Amino acid sequence: MAYEGILLGMGNPLLDISAVVDEEFLNKYDIKLNNAILAEEKHLPMYDELATKYNVEYIAGGATQNTIRVAQWMLQIPGATSYMGCIGKDKFGEEMKKNSQAAGVNVHYYEDENAPTGTCAVCVVGGERSLIANLSAANCYKAEHLKRPENWALVEKAKYIYIAGFFLTVSPDSIQLVAEHAAAKNKVFMMNLSAPFICEFFRDAQEKALPYVDYIFGNETEARTFSRVHGWETENVEEIALKISALPKASGTHKRTTIITQGCDPVVVAEDGKVRLFPVILLPKEKLVDTNGAGDAFVGGFLSQLVQEKSIAECVRAGCYAANVIIQRSGCTYPEKPDFK
């Protein structure tokens, strides 16, 4: 089967602890909607408060893992996708394994003896989400795990490799190994800007990886942060997408394509010095459950068609379909079968 292991993801596997909260809760912990941050000391009591005071749901998450699960769901080809990341040897870790295997993803987790499985608080107000990640075990991923023959075999087998920007905070060495392999073997390497804080505080690691990136994803806030950090003095998303796609590349095999989502505004695609806009599927406000996983799902839908060598227009259409499904449900979850024609 030509599709076996075609798409590989690497990232931070986190268990989402999701709850609808109120403005007061956001203010108490200094949380902004539509943002993603790493937990600081002041956020740590929040996880217990969520679990005791609110009606919480536990959902397997982590940006890259969400994307890979959605791509697997869209493809409906068992074993087409693989994933690596670090979990703890605990109940949450077991739950994650069960969840991913049920989704049909071939997971090779590195299991850390000491740290608990990472969690991510998903605070929802009016359908909009804010993410606060407590990485724990996810932060312990080591390039040594990647180099083990049974794991490197997944890299060898994959033709498309996707890593969210969040992994830059954990194992830039692993990213570099995989990126260089992709360039040497003419494979397609893809990343995500992932969050404003990545563009701001992990700029060096991001810049080291960028020359290898053939497809870069992000949303409008991340794109504008990237522009500001690079001193581009423009807030125009189309212009920023073009500039990102024109940044230097390590290998000339593939051009760089930049894909920026803008919530309910059109998706911006920049490549070859040109920009195209693709409208999204609009959803009536009353059908919105939460935006958690929407961006991840968009990428998952997109990749499900890309690995089948479909056109960019088809890839974007699939991305919009997947995101539309996910925002009508809690967390990054989906019905048994996709209805994408």
Side-chain angles (χ1 to χ4, degrees), residues 11-26 28-29 31-39 43-70 72-73 83 85 87-88 90-105 107 109 116-138 164 166 195 283 285-301 322-338:
N12 303 335
L14 304 172
L15 193 74
D16 282 354
I17 302 174
S18 179
V20 174
V21 300
D22 47 31
E23 292 284 349
E24 193 184 343
F25 185 88
L26 298 183
K28 178 176 176 182
Y29 289 106
I31 302 166
K32 294 182 184 66
L33 281 178
N34 288 321
N35 201 8
I37 59 171
L38 293 176
H43 298 117
L44 298 180
M46 180 179 72
Y47 296 86
D48 278 341
E49 187 174 336
L50 272 177
T52 50
K53 281 198 189 162
Y54 295 91
N55 184 10
V56 298
E57 284 185 277
Y58 295 93
I59 307 159
T64 308
Q65 187 164 244
N66 284 344
T67 290
I68 296 298
R69 278 174 44 232
V70 169
Q72 178 62 49
W73 170 67
Y83 176 80
I87 58 174
D90 53 19
K91 187 172 96 263
F92 283 173
E94 284 307 313
E95 197 55 40
M96 191 93 80
K97 260 193 269 190
K98 215 167 64 196
N99 204 295
S100 303
Q101 284 158 355
V105 179
V107 290
Y109 291 125
T117 295
T119 50
C120 182
V122 180
C123 303
V124 179
V125 175
E128 304 290 347
R129 60 88 180 130
S130 189
L131 308 175
I132 305 91
N134 186 7
L135 296 181
S136 300
F166 294 119
L283 186 74
K285 188 84 174 136
E286 63 275 8
K287 282 196 170 171
L288 173 69
V289 174
D290 71 52
T291 56
N292 181 24
D296 304 334
F298 173 85
V299 180
N324 184 266
V325 168
I326 264 81
I327 61 177
Q328 296 182 63
R329 304 166 68 92
S330 180
C332 196
T333 60
Y334 37 77
E336 195 190 339
K337 293 264 193 287

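Numbering of residues begins at 1 and proceeds along the displayed sequence. Model, not experiment: these values are computed from the prediction.
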Work out which heavy atom in I87 is nearest to a heavy atom in G93; give both atom names and the distance. CD1-O, 3.8 Å
Of all the heavy-atom pairs spanning A60 and R69, show the shortest one and how long it is. O-NH1, 2.9 Å
Separation between CG (N66) and CD1 (I326), nearest 0.5 Å, reads 8.5 Å
Does atom CD of E286 have more than 12 heavy-atom neighbours from other groups under 6.0 Å away? yes
Nearest atoms (heavy-atom pairs only) where Y54 meets D22: OH-OD1, 3.7 Å
Before you tell me yes or no, could you show the steps for F25 and E49 under side chain to side chain contact (heavy atoms under 4.5 Å, CB included), namely the whole-Å CA-CA distance, both residues' side-chain angles and the distance that decides it to 0.1 Å? CA-CA 10 Å; F25 185 88; E49 187 174 336; 3.7 Å; yes
When you measure from the side chain of T67 to the backbone N and O of D296, does any donor-acceptor pair fall under 3.5 Å? yes
Carefully, step by step, assess L26 and V21 under the rule side chain to side chain contact (heavy atoms under 4.5 Å, CB included). CA-CA 8 Å; L26 298 183; V21 300; 4.1 Å; yes
Taking side-chain contact (heavy atoms from CB on, under 4.5 Å) as the definition, give me every residue that meets it alongside P116, ordered by chain and number, with sequence neighbours left out. D90, S136
Could you measure the distance from the OG1 atom of T117 to the CG atom of L15? Nearest 0.5 Å is fine. 8.0 Å
Any donor and acceptor pair, going by atom type alone, linking the side chain of Q65 with main-chain N or O of G61 inside 3.5 Å? yes
Where C332 and I59 come nearest, the two heavy atoms and their spacing: N-CG2, 4.4 Å
If every non-hydrogen atom of A322 is compared with every non-hydrogen atom of V70, which pair is closest and at what distance? CB-CG1, 3.9 Å
Pair E94 + K91: basic N to acidic O under 4.0 Å: no
Is the shortest heavy-atom distance from the side chain of F166 to the side chain of T64 under 4.5 Å? no
Any heavy-atom pair between the side chains of Y58 and I17 that's under 4.5 Å? yes
Sequence neighbours excluded and cut-off under 3.5 Å, please list the side-chain donor-acceptor pairs for residues 120-132, or say none.
residue : atom : partner : partner atom : Å
E128    : OE1  : N34     : ND2          : 3.4
R129    : NH1  : N35     : O            : 3.1
S130    : OG   : K32     : O            : 2.6

Rounded to the nearest 0.5 angstrom, the CD1-CD1 distance for I37 and I31 is 6.5 Å
Value for OH (Y47) from OG1 (T119), rounded to nearest 0.5 Å, stands at 5.0 Å
Looking only at heavy atoms, what is the nearest atom pair of Y109 and M96, with distance? OH-CG, 3.3 Å
Parallel, tilted or perpendicular: which describes the rings of Y334 and W73, with under 30° parallel and over 60° perpendicular? parallel
Which value, rounded to the nearest 0.5 Å, describes the distance between Q328 atom CD and N324 atom CG? 5.0 Å
